[in-house]
> 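Let me give you the structure first, and then I'll get to my questions.
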2 protein chains.
Amino acid sequence: MKAFKIPEATVMRLSIYSRYLHQLMEEGEDTISSGEIANGVGVSSAQVRKDLAYFGEFGTRGVGYKVSELYCQLMKILGLDHRWNTIIVGAGKLGSALALYQGFSDRGFNICAILDVNPDIIGNTLGELEIKSLQELAALVLQHEIQIGVIAVPAAHAQDVTDQLLEAGVKAILNFSPRVLKVPPDIVLRNVDLSVNLEILSFNLALNR
Amino acid sequence: MKAFKIPEATVMRLSIYSRYLHQLMEEGEDTISSGEIANGVGVSSAQVRKDLAYFGEFGTRGVGYKVSELYCQLMKILGLDHRWNTIIVGAGKLGSALALYQGFSDRGFNICAILDVNPDIIGNTLGELEIKSLQELAALVLQHEIQIGVIAVPAAHAQDVTDQLLEAGVKAILNFSPRVLKVPPDIVLRNVDLSVNLEILSFNLALNR
DNA sequence: TGGAGTTAGTGAAAAAATTCATTATCGCTG
DNA sequence: CAGCGATAATGAATTTTTTCACTAACTCCA
């Protein structure tokens with residue numbers, strides 16, 4: 001385990017750098033400087049170097065970074081050098097979209113199952129996946145060795161579903177419901193609140209009126 | 001215009017407080033202390049008071065805050081005391097889900113239109129909305145007096161669509177594509193990268209292995 | 001009406017994150 | 001192979017954000 005705490009903002013930027021590097025690889029770039037990365041993703045070059053410095057030395061002074069090498073290092077740091085098994089709970093608008101979203105699979109997240117309580121949609125298929133009953137949660141988590149649970153249910157049921165996921169052995173939760181979840185300290189929790197993002201936009205728009 | 005810069009983290013928390021207050025109103029609560037809000041949303045009470053202090057004095061010492069009153073104040077601060085007209089560009093998985101997502105409308109965002117380039121889906125309906133051609137972008141923005149554009153197109157087209165939106169007069173962009181967009185300084189831009197969130201989860205999972 | 005108990009507001013201290021500026025290396029050129 | 005230009009690494013300074021701790025003000029109760 002890494003000894004020191006890494007700022008979340010740093011991790012977020014590493015993820016962005018890695019995607020930018022991927023793009024550069026496709027464009028056939030061989031080496032790149034911190035300044036160019038900075039420019040490409042909209043931060044300062046010092047920021048790029050500082051972020052990388054948490055994890056080691058990856059570049060060559062006077063030259064820059066080897067694109068493919070830095071990319072691999074970042075993927076390893078981000079834990080994306082292997083795939084994660086994921087379950088989505090809630091097959092409404094959002095859950096369905098997430099299940100079908102290509103981006104997750106592209107970055108190493110296998111969507112192994114999607115669940116719902118609504119009998120009308122259980123059995124329907126979303127791409128390759130069949131919507132299963134919530135009652136199968138524990139069995140599916142076990143069967144697919146699932147590490148990550150995605151919450152896409154209404155706020156009122158979010159905590160209940162979370163408890164079931166943790167009970168079944170899931171180690172991380174990505175919560176799309178607008179509800180603060182209580183989880184033990186060793187569980188990794190991340191909240192994505194779509195309307196919060198629109199509201200930050202709204203706040204900034206309202207400032208200049 | 002507010003004179004001083006407000007940390008984005010503060011704005012995000014205000015949005016979360018406001019939703020928690022809404023929940024409390026439905027539960028019939030009348031007054032609440034900073035400590036209880038803090039507990040409900042998982043921050044410290046000092047944090048709650050400091051966040052509010054940027055905008056004025058809303059509580060009564062020795063008592064707390066009047067739930068409904070604080071809620072209204074926050075909604076005003078967040079610019080949610082009136083509705084915003086919004087257009088979604090891209091009617092793929094993500095764009096469709098966003099268009100159908102009830103949460104946006106609940107919080108004051110009218111989805112006025114959704115566009116795509118794919119002739120196979122133009123004309124299809126999503127709930128109340130008909131998918132229109134991208135060519136109608138400028139006309140629709142004008143017609144509906146749209147202030148906010150949501151980008152849900154593949155990365156390769158994100159900048160182009162952004163330019164078209166700004167050209168048409170949109171003042172804020174919510175970008176769901178994994179691409180860094182260039183916009184003039186007076187435009188409000190916010191990026192939501194769904195896989196970044198999963199990757200931060202992955203990073204934290206990978207730490208403890 | 002006064003004292004005890006709460007709790008908002010707030011300046012100061014601490015912690016965290018970012019930026020700056022210096023140093024150390026590298027590759028290249030003559 | 002020495003010197004120059006470029007750029008990563010990094011410690012220091014700065015800025016930003018959070019936490020702490022104190023003060024002010026309200027309610028309730030005797």
Side-chain angles (χ1 to χ4, degrees), chain A residues 2-18 20-21 24 29-74 77 200 203-204, chain B residues 2-18 20-21 24 29-74 77 200 203-204:
Chain A
K2 298 294 186 306
F4 292 94
K5 208 182 117 278
I6 310 296
E8 183 171 292
T10 290
V11 181
M12 179 174 304
R13 284 190 298 265
L14 291 180
S15 166
I16 293 167
Y17 301 158
S18 76
Y20 185 58
L21 290 168
L24 290 171
E29 296 291 330
D30 191 57
T31 59
I32 190 169
S33 69
S34 59
E36 289 170 296
I37 297 175
N39 222 267
V41 306
V43 301
S44 74
S45 65
Q47 183 84 81
V48 172
R49 294 196 300 275
K50 219 27 167 211
D51 286 337
L52 296 176
Y54 282 107
F55 301 94
E57 306 187 2
F58 304 106
T60 310
R61 299 178 185 207
V63 182
Y65 304 90
K66 195 149 188 337
V67 174
S68 62
E69 193 181 298
L70 183 55
Y71 174 76
C72 290
Q73 295 282 355
L74 288 183
I77 290 168
I200 294 173
F203 170 82
N204 285 293
Chain B
K2 298 293 186 307
F4 292 94
K5 208 183 116 280
I6 310 296
E8 183 172 292
T10 290
V11 180
M12 179 175 305
R13 284 189 299 265
L14 291 179
S15 167
I16 293 167
Y17 302 158
S18 76
Y20 185 60
L21 289 168
L24 291 171
E29 297 289 331
D30 191 57
T31 59
I32 191 168
S33 69
S34 59
E36 289 170 296
I37 297 176
N39 222 268
V41 307
V43 301
S44 74
S45 65
Q47 182 85 81
V48 172
R49 294 197 299 276
K50 214 40 163 201
D51 285 337
L52 296 176
Y54 282 106
F55 301 95
E57 305 188 1
F58 304 107
T60 310
R61 299 177 184 206
V63 182
Y65 303 90
K66 195 150 190 337
V67 174
S68 62
E69 193 181 298
L70 183 55
Y71 174 76
C72 291
Q73 295 282 356
L74 288 184
I77 290 168
I200 293 173
F203 170 82
N204 285 294

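Heavy-atom basis, side chains included; hydrogens, waters and symmetry copies ignored. We name chains A, B, ... by the order of the sequence lines, and we start the count at 1 in each one.
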> Excluding sequence neighbours, so at least two apart, what forms side-chain hydrogen bond (donor to acceptor under 3.5 Å, both in side chains) with A:Tyr20?
none

> Measure from NZ on B:Lys66 to P on D:dC26 and round the result to the nearest Å.
17 Å

> For residues 34-46 of chain A, which residue pairs qualify under salt bridge (charged side-chain N to carboxylate O under 4.0 Å, His left out), counting only residues two or more places apart or in two chains?
none

> Would you mind reading off the distance between B:Tyr65 atom OH and C:dT7 atom C1', rounded to a whole angstrom?
9 Å

> Which atoms form the tightest heavy-atom contact between A:Val43 and A:Arg13, and what is the distance?
CG1-CD, 4.0 Å

> List the residues meeting side chain to side chain contact (heavy atoms under 4.5 Å, CB included) with B:Thr31, not counting sequence neighbours, and say none if there are none.
none

> Does A:Tyr54 make a side-chain N or O approach to OP1 or OP2 of C:dT18 shorter than 4.0 Å?
no

> Over how many whole Å does the gap from A:Glu8 atom CD to C:dT18 atom P extend?
11 Å

> Strictly under 4.0 angstrom, non-hydrogen atoms only: write out the protein contact profile of nucleotides 20-30 of chain C, one letter per nucleotide from the 5' end, B, S or -.
BB--BBBS---

> Report the distance from atom CG of B:Leu52 to atom P of D:dT18, rounded to the nearest whole Å.
14 Å

> In whole Å, what is the span from the CZ atom of B:Phe58 to the C1' atom of C:dT10?
15 Å

> Rounded to the nearest angstrom, tell me the gap between atom CD in A:Gln73 and atom C1' in D:dA9.
16 Å

> Give a yes/no answer on whether the side chain of B:Arg13 brings an N or O atom under 4.0 Å of OP1 or OP2 in D:dT17.
no

> What do the steps show when you test A:Leu14 against A:Tyr54 for side chain to side chain contact (heavy atoms under 4.5 Å, CB included), and what is the final call?
CA-CA 11 Å; A:Leu14 291 180; A:Tyr54 282 107; over 6 Å; no

> Take the protein atom CG of B:Leu14 and the nucleotide atom C1' of D:dT17, then report the distance between them rounded to whole Å.
14 Å

> Where do A:Ala38 and A:Ser44 come nearest, in terms of heavy atoms and distance?
CB-C, 3.5 Å

> Atom CD1 of A:Ile6 and atom P of C:dT18: how far apart are they, to the nearest Å?
12 Å

> Using a heavy-atom distance cut-off of less than 4.0 Å, which residues of residues 33-43 of chain A contact DNA chain C?
none

> Does a side-chain heavy-atom distance below 4.5 Å link A:Phe203 with B:Thr10?
no

> List in chain and number order the residues that pass side chain to side chain contact (heavy atoms under 4.5 Å, CB included) with A:Glu8, two or more places apart in sequence or in another chain; answer none if no residue qualifies.
A:Arg190, B:Ile200

> Which heavy atom of A:Tyr17 sits nearest to which heavy atom of A:Val48, and what is that distance?
OH-CA, 3.6 Å

> Given D:dT19, is OP1 or OP2 found less than 4.0 Å from the side-chain N or O atoms of B:Gln47?
yes

